[in-house]
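Notes follow the structure.
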Amino acid sequence: MILIPGDNLKKKDNNSYERENNYYSKYILLVNEDKTTKLFGYYMPEVNDIVIGKVIDVLSNGWLIDINSPYMGKLSLKDVGTDPNDIYTYGDYILCQIVKMTKNKLIDLDIKKREKLNDGLILKVDPARIPRVIGKNSSMLNLIKQYLKVDIIIGKNGRIYLNGDVNDILKAVDIIRFVINNSYKRGLTEKVKEILENK
Amino acid sequence: MVKRFDGREYNELRKINIKLNVIDNAKGSAIFSFGDTVALAAVYGPKPSKMSLDYDKAFLRVRYNMLTFSTPERKKPTPGRREIELSEVIKRALEPALLLEEIPGSIIDVYVEILNADAGTRTASINAASLALSLAGIPMKDLVIGLAVGKVGEKIVVDLNKEEEDYDSEKLRKDPEKSKYIEYYGEGRATDIPVAIIPSEKKFTLIQLDGEISNRELNDALNLALEKALEIKNLMKSNILKHLSSSGNFIY
């Protein structure tokens with residue numbers, strides 16, 4: 001069942017607001033046996049999340065990173081070291097982890113992987129559907145990796161990095177688009193397996 | 001039996017047309033039309049602001065613009081007094097329905113373009129913008145519904161078109177073809193009242209009034225608006241469901 005903002009919900013959860021002891025939905029929601037899922041959304045940073053960030057400014061003591069969310073992240077130079085090879089410039093994509101978040105939503109990042117993610121393809125998808133691309137216990141991700149020779153890194157903020165054989169990358173992009181567009185079909189993993197076997 | 005200029009009943013809306021997610025680059029977008037009035041809205045964000053984060057809610061920025069070809073005579077593309085005013089009016093109509101305190105300090109941009117104007121552009125803009133906001137995943141209490149009610153002559157009607165907005169029984173009398181409409185509308189001129197409503201709370205977020213109307217008539221008109229707002233909301237909901245199932249986003 002699909003709810004739009006303002007529709008009645010039975011119980012309180014993250015996707016509802018309260019008015020006069022009743023709960024109402026605040027997003028376009030998919031409801032499945034009391035479990036509600038957002039269909040469209042933005043990425044809200046949380047500590048320990050792994051995200052793919054883009055350098056948008058170079059500061060004297062670090063970098064300002066766009067993490068595709070309402071808030072910007074900051075990466076300090078002291079976390080990276082002083083090796084000139086580690087210096088990032090405008091437009092570089094890097095894999096980061098959120099280590100600290102203050103009340104004022106100042107986000108401290110640490111690098112998860114030293115290398116830049118510039119040599120592959122960055123795919124931007126709706127952050128609300130990232131869990132489906134990963135699948136239960138990363139089953140979907142493993143399935144794609146099993147059939148195609150590609151490196152896939154998924155940032156929780158809606159950016160997906162792909163690297164490897166060009167033809168396999170294109171196939172993987174098709175598969176990911178399929179998963180995103182059919183994200184609430186049942187038995188999606190089996191369907192994806194079928195497509196992968198035919199390719 | 002004489003009816004309104006375009007053959008509608010007093011409580012009949014113009015034909016409503018809704019298209020969702022028409023712009024790929026935007027987070028959410030929608031086209032909403034009341035008859036010949038067509039509004040396109042696109043939402044970007046929430047995105048970070050470089051300003052201080054000491055605010056307790058997000059900034060909503062609305063830009064309303066009429067395209068040069070939207071009116072019978074070419075409109076100058078520079079934003080004038082009217083555009084700036086309507087941007088603010090639309091922003092204030094939408095703000096009470098949004099839960100902006102959930103994303104403090106960020107910026108939400110709403111761009112509204114009028115593709116064709118035939119009275120009621122601000123109400124169509126509000127509808128398009130609230131659809132686009134919901135598709136962008138911005139937390140909101142309810143969809144905001146905009147519609148116009150008014151008094152044409154002595155008759156309370158809903159969703160006025162341009163011809164009704166310019167109604168004047170004195171002028172009409174000189175026109176032999178149209179003088180029959182005086183029988184339906186009555187003497188006098190037109191009063192246009194655009195309103196915006198949060199249907200679930202029965203709350204008005206916008207009331208503008210241009211003309212003369214008595215207290216009792218205003219009450220009748222606003223009640224009519226509340227009733228019609230629910231109708232528009234149901235239509236919006238069915239369009240959202242249709243869009244989700246046709247685009248393959250949702251198959252249960």
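Everything quoted here is computed from the prediction, not taken from an experiment. Quick note: numbers below take in every heavy atom, side chains included, and nothing from hydrogens, waters or symmetry partners.
Looking at Ile240(B), only its side chain comes within 4.5 Å of chain A, counting heavy atoms on both sides. With a threshold of 4.5 angstrom between heavy atoms, Leu99(B) approaches chain A through side-chain atoms but not through N, CA, C or O. Interface residue Tyr17(A): only side-chain heavy atoms are found under 4.5 Å from chain B. Heavy atoms of Ser16(A) lying under 4.5 Å from chain B are absent altogether. Heavy-atom distances place the backbone of Lys47(B), and not its side chain, under 4.5 Å from chain A.
In plain terms, the two heavy atoms of Met44(A) and Glu102(B) that are nearest each other are CE-O, 3.8 Å. The shortest heavy-atom contact between Ile103(B) and Tyr71(A) is C-OH, 3.2 Å. The two residues Tyr27(A) and Ile138(B) come nearest to each other via the heavy atoms CE2-C, 4.1 Å.
By the 6.0 Å contact criterion, CZ on Arg177(A) is open, its count of non-hydrogen atoms from other residues, nucleotides or ligands being 12 or less. A 6.0 Å sphere centred on NZ of Lys74(A) holds no more than 12 heavy atoms belonging to other residues, nucleotides or ligands. The 12-atom threshold is not exceeded at CG of Asn21(A), counting heavy atoms of other residues, nucleotides or ligands nearer than 6.0 Å. Within 6.0 Å of atom CD in Glu46(A), 12 or fewer heavy atoms from other residues, nucleotides or ligands are found, so the atom counts as exposed in its surroundings. Counting heavy-atom neighbours within 6.0 Å of Lys228(B) NZ, excluding the residue itself, gives a total above 12. Atom CG of Asn14(A) has 12 or fewer neighbouring heavy atoms from other residues, nucleotides or ligands inside a 6.0 Å radius. Remark: Asp210(B) CG is loosely packed, at most 12 non-hydrogen atoms of other residues, nucleotides or ligands lying under 6.0 Å away. When the shell of 6.0 Å around CZ of Arg82(B) is examined, it contains more than 12 heavy atoms from other residues, nucleotides or ligands.
When the options Ser200(B), Pro139(B), Ser134(B), Ser130(B) are evaluated for a side chain to side chain contact (heavy atoms under 4.5 Å, CB included) with Pro5(A), the one that passes is Ser134(B).
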Derivation and outcome, side chain to side chain contact (heavy atoms under 4.5 Å, CB included), residues Leu244(B) and Leu30(A): CA-CA 11 Å; Leu244(B) 289 177; Leu30(A) 179 80; over 6 Å; no
Worked verdict on Ile108(B) versus Tyr42(A) for side chain to side chain contact (heavy atoms under 4.5 Å, CB included): CA-CA 12 Å; Ile108(B) 300 163; Tyr42(A) 51 88; over 6 Å; no
Check against side chain to side chain contact (heavy atoms under 4.5 Å, CB included), Ile4(A) and Met236(B): CA-CA 10 Å; Ile4(A) 63 166; Met236(B) 282 181 175; 5.7 Å; no
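Atom CE of Met140(B) and atom CD1 of Ile28(A) lie 8.5 Å apart (nearest 0.5 Å). Here the straight-line distance linking atom CE of Met1(A) with atom CG of Leu241(B) works out to 10.0 Å at 0.5 Å rounding. Put simply, OG on Ser25(A) and NZ on Lys141(B) are 14.0 Å apart, with the number rounded to the nearest 0.5 Å.
Between the Lys27(B) side chain and the Asp126(A) main chain, no donor and acceptor come within less than 3.5 Å of each other.
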